[in-house]
Engineer: 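The following block contains the structure, expressed as structure tokens.
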Amino acid sequence: MSAAEDQAWANWRRPLPTPAEQRQDVWIALLVLVGALVSLVLINSMGSFVFGSAPPLWEQFVWAVVLSLPLAVRRRFPLAVLTVLSALFIAGQARQMGDNLMPSIALFLATYTVGAWERNRTWARWARIAMIVAMFMWLGYSMLTTTADPARAFRRAVGPLDPMLASVIYGVAYNLMFFVGAYFFGNMAWLSARRQAELIWRAEELRLSQEQNTRGAIVAERIRIARDLHDVVAHHVSVMGVQAGAARRMLDKDPEVASEALRTVEQTARAAISELRGLLGVLRAEDTDVSDTKSSPGLDQLPELVSAARNAGLEVVHGVYGEPRPVPQGVALSAYRVVQEALTNVVKHADARRADVRVRFLETALEVEVSDDGRGDVKGSNGFGLLGIRERVAVHGGELDAGPRRDGGFRVRVSLPTSVH
């Protein structure tokens with residue numbers, strides 16, 4: 001996680017409580033109220049008051065109601081509820097209410113809620129600290145007033161420690177454990193909510209990233225398909241156009257030559273349809289591992305390209321150098337498409353009479369070179385051909401050298417790394 005993200009999450013604010021959580025607060029407040037009323041009835045029935053005496057029962061009931069009701073909005077207004085309950089807690093002890101258990105529970109809930117839900121963390125921290133300091137000040141005052149007459153206050157003391165010292169240690173330890181527990185668990189609840197929000201955010205980020213990657217893969221696949229369609233259609237249609245033109249010119253002069261040209265047009269059209277069907281078969285296949293080799297031409301089909309170019313009236317020399325060996329299917333397909341695109345550009349734009357196709361099996365790479373004796377530029381091309389070659393080479397981390405030759409003509413040379421030796 002970056003420093004900026006750390007800072008952003010450090011400033012995170014917990015969302016306001018949901019209606020369901022607010023209803024839970026109402027039920028908790030009612031539960032505390034019922035517990036306080038029952039406790040007061042029992043304590044008054046036994047006469048076992050915390051401070052030795054207590055005000056009338058009706059006053060204790062009113063105090064229990066007033067103490068419990070603020071809990072119904074504790075998550076919506078945590079600071080206000082803590083302030084009110086802290087004041088009521090001290091007032092109840094000063095008035096010597098008969099029960100101290102349920103008020104302690106209510107104060108614990110209020111302190112915990114400030115730590116868990118208060119959105120302003122500075123206020124949450126200092127409000128709890130101020131409350132704890134105030135409570136310990138009240139504890140000190142209560143202990144001084146209660147033990148003003150030690151002989152009377154500790155008349156039944158039989159332990160080994162000094163009664164005053166034992167009273168101080170017990171009061172401090174009990175209240176420290178009470179308030180530190182409320183402080184600690186409130187902070188833990190806040191951190192837990194923040195971590196949960198962070199996990200949800202990261203899961204959403206991951207989902208969006210996966211969708212973006214999927215869209216990128218789809219776009220890349222569409223570009224690849226478009227490139228393959230361009231290669232197939234451009235090459236075969238170019239050959240068909242040249243042959244059809246030759247047939248038209250020779251139809252009256254030499255019907256046999258015209259017939260051969262038309263036969264080439266027919267064969268080329270069938271080859272184009274076959275390749276297009278194979279490509280469409282790849283698109284329709286549910287299994288990405290397509291075993292139909294016709295849809296993925298390779299080095300074995302290069303002689304067919306050379307033959308088609310020759311039929312278009314181009315003199316083509318095809319040579320293979322080095323020891324032929326198996327190469328990855330992707331490399332073989334890219335090599336085939338490079339030769340196909342280069343020959344298409346020669347036939348359509350170069351005004352060349354001769355082309356040279358060379359395939360070299362090097363130690364760590366497959367090199368393909370197509371050169372011609374034409375004009376030495378591609379001004380007649382729309383530029384997509386060389387762009388497609390460059391993209392194919394980049395996929396394999398290969399090298400492309402394309403440009404005019406010094407002795408005239410144009411040359412395309414591609415080196416495709418291969419790990420097959």
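Numbers here are sequence positions counted from 1.
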Engineer: Counting only heavy atoms not in Tyr174 (residues, nucleotides, ligands), do more than 12 fall under 6.0 Å from its OH?
Structural biologist: no

Engineer: Could Arg207 and Glu204 be called an ion pair, given the rule that one side-chain N must be under 4.0 Å from one carboxylate O?
Structural biologist: yes

Engineer: Taking the basic N atoms (NZ, or NE/NH1/NH2) and the acidic carboxylate oxygens, is any pair closer than 4.0 Å for Glu198 and Arg202?
Structural biologist: yes

Engineer: Check the orientation of Trp138 and Tyr141. Use parallel for under 30°, tilted for 30 to 60°, and perpendicular for over 60°.
Structural biologist: tilted

Engineer: Donor-acceptor pairs under 3.5 Å, side chain of residues 180-192 to any protein atom, not counting sequence neighbours: which ones?
Structural biologist:
{"residue": "Asn187", "atom": "OD1", "partner": "Arg128", "partner atom": "NH1", "Å": "3.1"}
{"residue": "Asn187", "atom": "OD1", "partner": "Arg128", "partner atom": "NH2", "Å": "3.1"}

Engineer: If we check side chain to side chain contact (heavy atoms under 4.5 Å, CB included) with Arg74, which of these qualifies: Leu85, Leu82, Asp25?
Structural biologist: Asp25

Engineer: Give me the atom names and distance for the closest heavy-atom approach of Gln340 to Thr344.
Structural biologist: O-OG1, 2.7 Å

Engineer: Do other residues, nucleotides or ligands put more than 12 heavy atoms under 6.0 Å from Gln212 CD?
Structural biologist: no

Engineer: Tell me which pairs pass ring pair (Phe, Tyr, Trp, His ring centres under 6.0 Å) where either residue lies in residues 242-262, with sequence neighbours left out.
Structural biologist: none

Engineer: Has Arg353 got more than 12 heavy atoms of other residues, nucleotides or ligands less than 6.0 Å from its CZ?
Structural biologist: no

Engineer: Is the shortest side-chain N to carboxylate O distance from Asp373 to Arg354 below 4.0 Å?
Structural biologist: no

Engineer: Mark yes when over 12 heavy atoms from residues, nucleotides or ligands other than Gln96 sit less than 6.0 Å from its CD; otherwise mark no.
Structural biologist: yes

Engineer: Please list, chain by chain and in numerical order, all residues satisfying side chain to side chain donor-acceptor pair (under 3.5 Å) with Ser334, sequence neighbours excluded.
Structural biologist: His396

